[in-house]
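Computed from heavy atoms alone, side chains included, the values below leave out hydrogens, waters and symmetry copies. Computed from a predicted structure; not experimentally measured.
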Amino acid sequence: QVQLVESGGGSVQAGGSLRLSCAASGYTFNNACMGWFRQAPGKEREKVATIYTATGSTYYADSVKGRFTISRDNAKNTLYLQMTSLKPEDTDMYYCGAALPPGVVGGFVCFRKEYNTWGQGTQVTVSS
């Protein structure tokens with residue numbers, strides 16, 4: 001059974017940092033498209049960053065480039081999102097996602113894929 005479990009959210013002041021983690025199980029983690037997404041109540045889910053876990057190739061939304069870093073540890077089946085220089089507009093529920101089954105994969109392919117497997121989310125709140 002595929003499972004994604006996020007952790008690491010919390011409340012910080014603007015300019016602060018947080019690191020989110022996503023523990024994955026139930027599929028081949030080291031050859032998959034994975035990503036971080038965020039969603040506010042009543043809004044569509046927004047793609048933040050994606051990674052092709054086999055090569056580490058990454059893509060970012062323009063709103064987080066230079067501030068957020070997505071990474072993975074294939075030995076631990078864990079995805080990370082390091083968030084720095086946080087802004088109040090980064091306040092959202094953050095979700096870990098996977099596109100399964102992998103199908104065609106690659107760095108840019110992972111950014112364009114539809115994601116269909118989700119964790120429960122972790123709340124990030126940034127105060128001004």
Side-chain angles (χ1 to χ4, degrees):
Q1 181 179 356
V2 175
Q3 194 170 19
L4 301 174
V5 180
E6 301 99 332
S7 62
S11 297
V12 295
Q13 290 193 324
S17 300
L18 282 173
R19 188 174 85 153
L20 307 183
S21 299
C22 172
S25 59
Y27 66 100
T28 304
F29 181 87
N30 61 11
N31 184 35
C33 291
M34 296 198 67
W36 287 98
F37 300 75
R38 62 188 182 186
Q39 186 173 23
K43 294 189 177 181
E44 288 191 2
R45 191 165 293 185
E46 175 191 5
K47 189 179 302 180
V48 174
T50 61
I51 188 168
Y52 175 37
T53 57
T55 64
S57 180
T58 59
Y59 278 84
Y60 296 90
D62 288 343
S63 58
V64 305
K65 278 181 183 175
R67 300 189 300 122
F68 291 11
T69 302
I70 187 172
S71 63
R72 88 292 188 217
D73 185 331
N74 288 344
K76 296 181 178 179
N77 285 5
T78 302
L79 183 73
Y80 301 101
L81 184 68
Q82 179 68 49
M83 304 185 292
T84 63
S85 301
L86 281 161
K87 305 174 182 180
E89 51 263 44
D90 294 318
T91 295
D92 263 324
M93 185 71 79
Y94 283 71
Y95 296 89
C96 170
L100 300 174
V104 176
V105 289
F108 186 65
V109 170
C110 288
F111 189 69
R112 297 298 301 271
K113 263 187 182 292
E114 291 293 324
Y115 284 69
N116 57 3
T117 304
W118 305 99
Q120 82 287 351
T122 186
Q123 178 68 38
V124 172
T125 302
V126 185
S127 58
S128 57

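Atom CG of L18 and atom CD of Q82 lie 8.5 Å apart (nearest 0.5 Å). Distance check: S128 OG to K87 NZ gives 13.5 Å after rounding to the nearest 0.5 Å. Between atom OG of residue S85 and atom CG of residue D90 there is a gap of 9.5 Å, rounded to the nearest 0.5 Å. A distance of 4.5 Å separates SG of C22 from CE of M34, quoted to the nearest 0.5 Å. Taking OG1 of T50 as the start and OH of Y59 as the end, the distance is 8.5 Å to the nearest 0.5 Å. Within the model, atoms OH of Y94 and CD of E6 stand 12.5 Å from one another, a figure rounded to the nearest 0.5 Å.
Judged purely by atom type and a 3.5 angstrom limit, N74 uses its side chain to pair as donor or acceptor with the backbone of T53. Remark: side-chain polar atoms of N77 are not paired, donor with acceptor, to backbone N or O of A23 under 3.5 angstrom. Put simply, the side chain of S57 never gets that close to the backbone of T55: no donor and acceptor are under 3.5 Å apart.
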Salt bridge (Lys or Arg N to Asp or Glu O under 4.0 Å) assessment of K43 paired with D92: CA-CA 10 Å; K43 294 189 177 181; D92 263 324; over 6 Å; no
T58 vs F111, side chain to side chain contact (heavy atoms under 4.5 Å, CB included): CA-CA, chis, key distance, verdict: CA-CA 8 Å; T58 59; F111 189 69; over 6 Å; no
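The cationic group of R45 lies under 6.0 Å from the six-membered ring centre of Y95 and within 45° of the ring axis, placing it in a cation-pi geometry.
For the residue pair F29 and D73, the shortest heavy atom distance occurs at CE2-O, 3.9 Å. In this structure, A24 and L4 approach most closely via the heavy-atom pair CB-CD2, 3.6 Å. Nearest heavy-atom pair, T122 versus G9, reported as atom, atom and distance to 0.1 Å: OG1-N, 3.1 Å. Closest heavy-atom contact between I51 and R72: CD1-CD, 3.8 Å. Closest non-hydrogen pair, Y27 versus A32, comes out as CE1-CB, 4.0 Å. Contact between K113 and C33 at its shortest, heavy atoms only, is CD-SG, 3.6 Å.
Under the 4.5 Å side-chain criterion, counting only non-hydrogen atoms from C-beta, Q13 is not in contact with L86. Residues W118 and C96 are not in side-chain contact: their nearest non-hydrogen atoms beyond the backbone lie 4.5 Å or more apart. When side chains are defined from C-beta on, M83 does not count as touching V126, because their heavy atoms never get closer than 4.5 Å. The shortest distance between side-chain heavy atoms of S63 and E89 does not fall below 4.5 Å.
Residues I70 and F68 fall within the same hydrophobic cluster, defined by Ile, Leu, Val, Met, Phe, Trp and Tyr side chains chained together at heavy-atom separations under 4.5 Å. Put simply, V48 and Y52 are part of two different groups of oily side chains (I, L, V, M, F, W, Y) that touch within less than 4.5 Å, one to the next. The hydrophobic clustering, which links ILVMFWY residues whose side-chain heavy atoms are closer than 4.5 Å, places Y80 and Y60 apart.
Taking the side-chain hydrogen bond (donor to acceptor under 3.5 Å, both in side chains) definition, one finds that N30 meets it with nothing, sequence neighbours left out. Contacts of Y115 classified as ring-ring contact (aromatic ring centres under 6.0 Å, His included), with partners at least two apart in sequence or in another chain: F37.
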